[in-house]
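One-based numbering, in listed order, for ligands and for the atoms of each. Nothing here was measured: the structure is a model prediction, and the numbers come from that model.
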Amino acid sequence: MSEKVTLSYDGKSVELPVIVGSEGERGIDIARLRDQTGLITYDDGYRNTGSCTSDITFIDGEKGILRYRGYPIEELAEKSTFVEVAWLLIYGNLPDRQELKAFSDMFTEFQVLHEDMKHHFEGFPPNAHPMAILSSMINASGCFTRELTAPNDPTKFRRHSARLISQVRTIAAFAYRKSRGLPSVYPKPEYKYTENFLHMMFSMPYDDIALEPEAVAALDQIFLLHADHEQNCSTSTVRMVASSRANIFASAAAGVCALWGPLHGGANQAVLDMLTQIRSEGDDGSKFLEHVKSKEGGKRLMGFGHAVYRNYDPRAKIIKASCDKLLARLKKSDPLLDIALKLEETALKDSYFLERKLYPNVDFYSGIIMRALGIPTEMFTVMFAIGRMPGWIANFKEVMDDPKSRIYRPRQVYTGPTIRNYVPLEKRSAH
Ligand code: SDX
């Protein structure tokens, strides 16, 4: 028997259907609300509004659960790889041997950028933020194959999406090398996805870096843990752009721009800046936390809190454990990790954070790992974008494959001036 809710308003009652998800989540289907009542709903920031149904990722914010296509993030982080998870998110199941090889072979086929794209890199000033370079070069990459900027063609999705996942790391590495005045290093066909990225970032044309397996595994896990996360700000942006039937490069470039914000993907860079600031002031974090709680200047404990998790972000737990392991294996210590651990320990005993259900999120420890790998702070959000690309593509595909999908067009409640007539310039008074 289908579930319904009854809404009473202005002496009338309407019944609205309730849709039930595979994990028991329920949503009131308001598709006919305005026709039946003249009402729309209002939900600033969409915190209580489902924009779609989706089969890709499930989050239970109260219990701290995250699953990609039903697989718990803890199992995937331990047993899978970023490339395998990318296939899982996009195509719905773990790949068989043949699918995995074909997918990896396409990454190799597309890993080199069109040589003319180097002129675009040369056009950026040395201090251009790599997220600005990434979003513009993703669209630029689409311009080098005319079919890519044509309206979306489902028969070419497999190749276009593989090209995007492959080239996002080449663009990122080239942006880093340019910012340091270093020569570009081309990818090597014999290297796997994450190995090739580290090679392009840190080798020299005459001297390949020694790829530490632990370092490759740690970064591959960072990419995997960032691969998708339900309808977050940047993924919703990708779906919004996809709903207009724009191509996959335009949708992904829009996702990069949304991710850049310090409240979203930019938080990993903000966490490192925060820890560095705390250390430079000789604070162990206690003074900083008092400042945050006083709300002076709107300072926040970056890397803490989440729009959905009211519990520990499961990704933060995994990354924290990997931090310890990697630093031990690389025989490195990091005073910023000590500050982060102290901040977490203190905050999780403090009523300000406990009352507001503020726990470490994915960004709180990820920067410590990236710092240990030699990745500069300004590239942290780019790492997030490389990781999130398969999730954006999976959501793009879900919009494109849905025969009922329409252009996303939210309503609003207008609160501006009511009707008024034009006043000629000579009759206008100073405001
Ligand atoms: C990501 O959506 C996703 O899935 C995102 C993501 C993904 O994988 O795509 O998980 C990735 O973006 C993780 C979040 C990264 N951002 C940060 O770490 C920035 C710091 N965190 C916050 O700014 C904040 O927690 C948000 C933006 C993450 C969530 O904000 P909300 O849910 O809108 O919370 P809010 O701003 O309404 O705050 C509620 C209260 C307020 O205090 P009161 O008005 O009740 O007194 O909690 C306070 C806030 O001031 N608060 C914080 C805080 N976060 C919220 N106080 C101090 N430090 C913080 N970090």
Going through the checks in order, is the side chain to side chain contact (heavy atoms under 4.5 Å, CB included) test met by S405 and R245? CA-CA 10 Å; S405 172; R245 292 296 178 272; 3.8 Å; yes
Does only the side chain of Y352 get under 4.0 Å from ligand 1, or the backbone, or both, or neither? Count heavy atoms. side chain
Around atom 9 (O) of ligand 1, find the nearest protein heavy atom and jot down its residue, atom name and distance. R388 NH1, 2.8 Å
Heavy-atom pairs closer than 4.0 Å: do any link ligand 1 to the side chain of K295, the backbone, both, or neither? side chain
R315 to ligand 1, any heavy atom closer than 4.0 Å: yes
Mind checking whether C233 has an N or O less than 3.5 Å away from an N or O of ligand 1? no
Starting from atom 21 (N) of ligand 1, find the nearest protein heavy-atom neighbour and note its residue, name and distance. F304 O, 2.9 Å
Option set L358, V308, L289, criterion heavy-atom distance to atom 52 (C) of ligand 1, minimum: L358
Per-atom contacts, ligand 1 versus N232 - under 4.0 Å to a heavy atom: 2 (O), 3 (C), 4 (O), 5 (C), 9 (O)
Side chain, backbone, both or neither: which applies to H226 and ligand 1 if a contact is any heavy-atom pair less than 4.0 Å apart? neither
Verify side-chain hydrogen bond (donor to acceptor under 3.5 Å, both in side chains) between K317 and Y359, making sure each step is shown before the conclusion. CA-CA 11 Å; K317 277 186 194 159; Y359 293 87; over 6 Å; no
Which heavy atom in T81 sits nearest to a heavy atom in D220, and how many Å separate them? CA-OD2, 3.5 Å
Do the non-hydrogen side-chain atoms of R239 and S54 ever get within less than 4.5 Å of each other? yes
Among all protein non-hydrogen atoms, which one is nearest to atom 12 (O) of ligand 1, and what is the separation to 0.1 Å? H264 ND1, 3.0 Å
Would you please test E344 and Y312 for side-chain hydrogen bond (donor to acceptor under 3.5 Å, both in side chains) and show each step? CA-CA 11 Å; E344 178 192 349; Y312 220 101; 2.4 Å; yes
Which heavy atom of the protein is the closest neighbour of atom 4 (O) of ligand 1, given with residue, atom name and distance? H229 ND1, 2.6 Å
Tested for side chain to side chain contact (heavy atoms under 4.5 Å, CB included) against F396, the lone hit among V241, N247, V238, L164 is V238
Please compare L263, L259, V292, D228 and report which has the shortest non-hydrogen distance to atom 16 (N) of ligand 1. L263
If you measure from the Lys or Arg side-chain nitrogens to the Asp or Glu carboxylate oxygens, is any gap between K293 and E290 under 4.0 Å? yes
Indicate yes or no: does an N/O atom of D313 lie under 3.5 Å from an N/O atom of ligand 1? no
Please determine if R180 and E378 form a salt bridge, counting it only when a charged side-chain N lies under 4.0 Å from a carboxylate O. yes
Salt-bridge present (K287, E281; N to O < 4.0 Å): no
Determine the minimum heavy-atom distance between I65 and P314, stating which atoms define it. C-CG, 4.4 Å
When you measure from the side chain of R169 to the backbone of I386, do you find a donor-acceptor pair of N or O atoms at a distance under 3.5 Å? no
Distance-only N or O hit between ligand 1 and K299, under 3.5 Å: no
Using a strict cut-off of 4.0 Å, indicate which atoms of ligand 1 neighbour a heavy atom of G303. 17 (C), 18 (O)
I need the nearest protein heavy-atom contact for atom 33 (O) of ligand 1: residue, atom name and distance, please. R47 NH2, 3.0 Å
Counting both backbone and side chain atoms, is some N or O of N361 under 3.5 Å from an N or O of ligand 1? yes
Any protein heavy atom nearer than 4.0 Å to atom 37 (O) of ligand 1: no
E23 with R67: basic N within carboxylate O range, under 4.0 Å: yes
Nearest to atom 45 (O) of ligand 1, what protein heavy atom do you find, and at what distance? R356 NE, 3.6 Å
Non-hydrogen protein atom less than 4.0 angstrom from atom 19 (C) of ligand 1: yes
Looking only at distances, please establish whether an N/O atom of ligand 1 is found under 3.5 Å from an N/O atom of L301. yes
Considering non-hydrogen atoms of the protein only, which is the closest contact for atom 13 (C) of ligand 1, and what is the distance? D363 OD2, 3.4 Å
Can you report which non-hydrogen protein atom sits closest to atom 26 (C) of ligand 1, along with the distance? R300 NH1, 4.4 Å
Assess the residue pair Y309 and H229 against the criterion (ring-ring contact (aromatic ring centres under 6.0 Å, His included)); give the C-alpha distance rounded to whole Å, side-chain angles, the decisive distance to 0.1 Å, and a yes or no. CA-CA 11 Å; Y309 289 122; H229 211 244; 5.2 Å; yes
Which atoms of ligand 1 have any heavy atom of A267 under 4.0 Å away? 15 (C), 16 (N), 17 (C), 18 (O)
Side chain to side chain donor-acceptor pair (under 3.5 Å) against R356, all qualifying residues, sequence neighbours excluded: none
